2 protein chains.
Amino acid sequence: MDDASFPTAGAADATSQTERVIASLREMVLRGDFRPGERLAELTLVPRLGASRTPVRLALDRLAHEGLLEPLPSGGFRIREFAIADIWDAIEVRGVLEGTAARLAAERLTDADDLSRLQQCCRDIERLDSSNAADVARYVEIHDRFQEELGRLAKSDILVRTIESVVGLTFAVSVSSVLGDAESSERSQTALIALEYHRAIVDAIEHRQGTRAEDLAREYSRMARRNLVRAAQDKERFRHVPGASLIRMPAGHSSR
Amino acid sequence: MDDASFPTAGAADATSQTERVIASLREMVLRGDFRPGERLAELTLVPRLGASRTPVRLALDRLAHEGLLEPLPSGGFRIREFAIADIWDAIEVRGVLEGTAARLAAERLTDADDLSRLQQCCRDIERLDSSNAADVARYVEIHDRFQEELGRLAKSDILVRTIESVVGLTFAVSVSSVLGDAESSERSQTALIALEYHRAIVDAIEHRQGTRAEDLAREYSRMARRNLVRAAQDKERFRHVPGASLIRMPAGHSSR
DNA sequence: GCGGGGCGCATTGTATACAATCCAGGCGTC
DNA sequence: GACGCCTGGATTGTATACAATGCGCCCCGC
C-alpha cells in the first residue's frame with residue numbers, strides 16, 4: 001500500500017510511462033504546482049512530464065476519477081478546489097469505512113492467530129519514542145500496516161477498494177496530523193491515546209464485538225479529524241502538507 | 001460479420017465516441033457477452049464496438065476502475081468474476097454509506113422544508129399498487145430519487161461520489177430484488193415494510209436522530225441483501241438480472 | 001457605440017502507425 | 001527424451017498525425 005501518503009519520489013522507477021506520468025502529475029498537483037480551478041491543457045503538460053499526449057491523457061482521466069481533477073463540460077479537466085469541509089467529510093467517510101472493516105473483521109474472525117499481525121503493530125507502536133520526531137514517520141507506516149491488515153481480516157475486496165478510493169482525498173493529513181503537528185508533550189499524550197485505540201480495536205475484534213470495534217475505529221479517525229482543524233490553524237506549517245494548496249482557506253468559517 | 005448485432009441499443013445517443021463505447025462495453029459485460037475470467041483483447045473489441053483502439057482502451061480503463069474488469073500484471077484486462085459474497089459485501093458497503101448519508105442529513109438539517117422531497121417520495125410509494133407488476137419499476141425510480149435526495153441533504157460531495165463508486169457493483173439486484181422477484185402476496189408485504197422504512201428514515205432525520213437514521217438505512221439495505229440470496233435461488237429468473245453472468249454460482253443449491 | 005456574426009486559433013477527441021514486450025511453439029543439443 | 005534457447009507472432013504501450021469542435025477576438029453593420 002504505497003498510496004500517496006507522502007510526496008515520495010517513487011515516481012522515478014515506474015515500469016510504464018503511464019504509471020510514471022500518473023505519479024508525477026499527482027505529485028505536482030498535490031505539491032501545488034497549479035492553482036485550484038486552473039485548467040490543465042494536455043499540451044502544456046507534455047513537455048513538463050516528458051511523455052506524449054497519450055499517457056498524459058490517461059493520467060488526467062485517472063486523477064479525475066481519484067477526485068483531484070474535475071472534468072469540464074466542454075472537455076478537458078481543471079484542478080479541483082476543496083473546502084476544509086470536504087476534507088473533513090473525506091476523513092469521516094474513511095473512518096466509517098475503516099469502522100466497517102473493523103466490524104467485519106470481528107464478525108468474520110475464525111482463528112485467533114489471525115490477530116497476530118495486528119498485535120505486532122501494537123507492540124511496534126509501543127516501542128516508539130514519541131519524543132523522537134523521526135518516529136512519527138514510522139508510526140505512520142505502522143498505522144498503514146494496521147489498516148491494511150484490518151482490510152485483510154474484513155475479507156472483502158470491495159470494501160478495501162472503496163477505502164482506497166477515499167484515502168487519496170484525505171491528503172495524508174489524517175495520519176500525519178495525528179502526531180506530526182503537535183508539541184512534544186502533547187504528542188506523547190496523543191501517541192498514548194492512539195496506542196490505546198489500537199489495542200482496544202484488537203481486543204474488540206478478538207471478542208467478536210463488532211459494534212464496539214466499529215465505533216472505536218470511527219472515533220479514532222475523528223481524533224485525526226479534530227487535529228486537522230488545529231493543524232490548519234498553523235498555516236505556515238500546513239503549507240507543507242501535500243495537497244494543502246488545493247484547500248480553500250475560509251476567512252472565518254468555524255466548524256460546520 | 002453481421003453488422004446488425006451492434007450493441008447500440010441503449011447507448012445510441014452519446015455525445016462522444018468514448019462515452020458511447022464505455023456504455024456499450026459496460027452493457028455487453030453486464031449482459032454476459034463475455035465469460036468471467038476471459039481476457040479482453042483490444043483489437044477484438046474494435047470491430048464489435050465500431051471505434052478505434054483509443055476510445056476502446058479508455059473504456060477498458062474506466063470499467064477496470066469501476067470494478068467490472070481487473071487489470072492483468074502483464075497488461076490488458078480480463079472480466080472479473082464475482083462470488084455471491086462479493087455482491088453481498090457490495091450491498092453491505094452501500095448500506096453503510098447510505099446510512100452515513102442519512103445520519104449526516106439528520107445532523108446537518110437546517111430547514112424542515114428541505115424534507116419535502118423525501119416526503120413526496122413517501123407519498124409516491126404510498127400511491128403505488130403493489131399488486132401491479134409495472135409499478136415495481138416505478139418503485140425503483142422513486143427509491144433512486146429518495147437516495148439521491150438523501151445524498152443532497154448529506155451535503156457531502158465526497159460521500160455521494162463514494163456511494164456512486166459502489167452502486168455499480170450491486171448490479172441493481174439490491175433494488176429490483178426488493179420487490180421484483182417475490183410472489184404477489186409477499187410483494188405487497190415487502191412494499192409495506194419498505195414504505196415504513198422510508199417514513200421512519202424521514203422521521204428520524206426530521207428529529208435529528210442521526211444514529212437512528214443511520215441504522216434504519218443500513219437495515220433497509222439488508223432487506224434487499226437478504227432478498228438477493230432468495231432471488232439467486234430462482235436461477236432461471238436470475239439470469240436476466242444485469243451482471244448475473246459475472247457471478248460464480250455455488251455448486252448446487254446447498255448453502256442454507 | 002454597441003451588438004451580432006463570422007473567421008481563425010487553440011485544444012480536445014479520434015485514428016493509426018510504430019516500438020516494445022510477452023508468450024508459445026519448435027528445434028537443437030545434452 | 002527432456003530441457004533450454006531462439007525465433008515468430010500477437011498484443012499492449014507509446015507517439016504522432018488528423019479531424020472536429022468550441023472559444024475568443026475582430027470586424028462589419030446598424
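Every chain is numbered from 1, with letters handed out A, B, ... down the list of sequences. Please read all numbers here as calculations on a predicted model, not as lab measurements. Just so you know, these numbers use all the heavy atoms, side chains as well, and skip hydrogens, waters and symmetry mates.
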Nearest to the side chain of A/Ala41, which nucleotide is it out of C/dG13, D/dG13, C/dT12? C/dT12
Heavy-atom count check: over 12 atoms from other residues, nucleotides or ligands less than 6.0 Å from A/Arg117 CZ?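 Incorrect, the count does not exceed 12.
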Within the sub-3.5 Å range, which N or O atoms of nucleotides 15-18 of chain C have a protein N or O partner, and how far apart are they?
| residue | atom | partner | partner atom | Å |
| --- | --- | --- | --- | --- |
| C/dA15 | OP1 | B/Gln17 | NE2 | 3.3 |
| C/dA15 | OP2 | B/Ser52 | N | 2.9 |
| C/dA15 | OP2 | B/Ser52 | OG | 2.8 |
| C/dA15 | O5' | B/Ser52 | OG | 3.3 |
| C/dA15 | N7 | B/Thr54 | OG1 | 2.7 |
| C/dT16 | O4 | B/Thr54 | OG1 | 3.4 |

Atom pair distance, as rounded to whole Å: [atom1] in [X] and [atom2] in [N]:
X	N	atom1	atom2	value
B/Leu43	D/dT12	CG	P	6 Å
B/Leu69	D/dT12	CG	C1'	15 Å
A/Leu72	D/dT21	CG	C1'	15 Å
B/Arg78	D/dT12	CZ	P	14 Å
A/Glu42	D/dT14	CD	C1'	14 Å
B/Leu58	C/dT12	CG	P	14 Å

Heavy-atom pair of closest approach, residues [X] and [Y]:
X	Y	value
A/Ala90	A/Val166	O-CG1, 3.5 Å
A/Leu109	A/Asp111	CD1-O, 3.6 Å
A/Asp89	B/Lys155	OD2-O, 3.8 Å

Indicate whether OP1 or OP2 belonging to C/dT12 is found under 4.0 Å from a side-chain N or O atom of A/Arg57. no
B/Glu70 with B/Arg78: basic N within carboxylate O range, under 4.0 Å: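 Counted as a salt bridge, because a side-chain N and a carboxylate O are separated by less than 4.0 Å.
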For A/Arg31, all residues meeting side-chain hydrogen bond (donor to acceptor under 3.5 Å, both in side chains), sequence neighbours excluded: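 Here the qualifying residues are A/Asp33.
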Residue of the set B/Asp144, B/Ile142, B/Leu150 for which side chain to side chain contact (heavy atoms under 4.5 Å, CB included) holds with B/Phe146: B/Leu150
Using atom names, set out every protein N or O paired with an N or O of nucleotides 20-23 of chain C below 3.5 Å, distance rounded to 0.1 Å.
none

Would you mind classifying the nucleic acid contact of B/Leu40 as base, sugar-phosphate or nothing, using non-hydrogen atoms under 4.0 angstrom? sugar-phosphate
Using side-chain hydrogen bond (donor to acceptor under 3.5 Å, both in side chains) as the criterion, point out the one residue from B/Arg62, B/Glu66, B/Arg161 that pairs with A/His65. B/Arg62
I need the B/Ile87 CD1 to B/Thr170 OG1 distance, nearest 0.5 Å. 8.0 Å
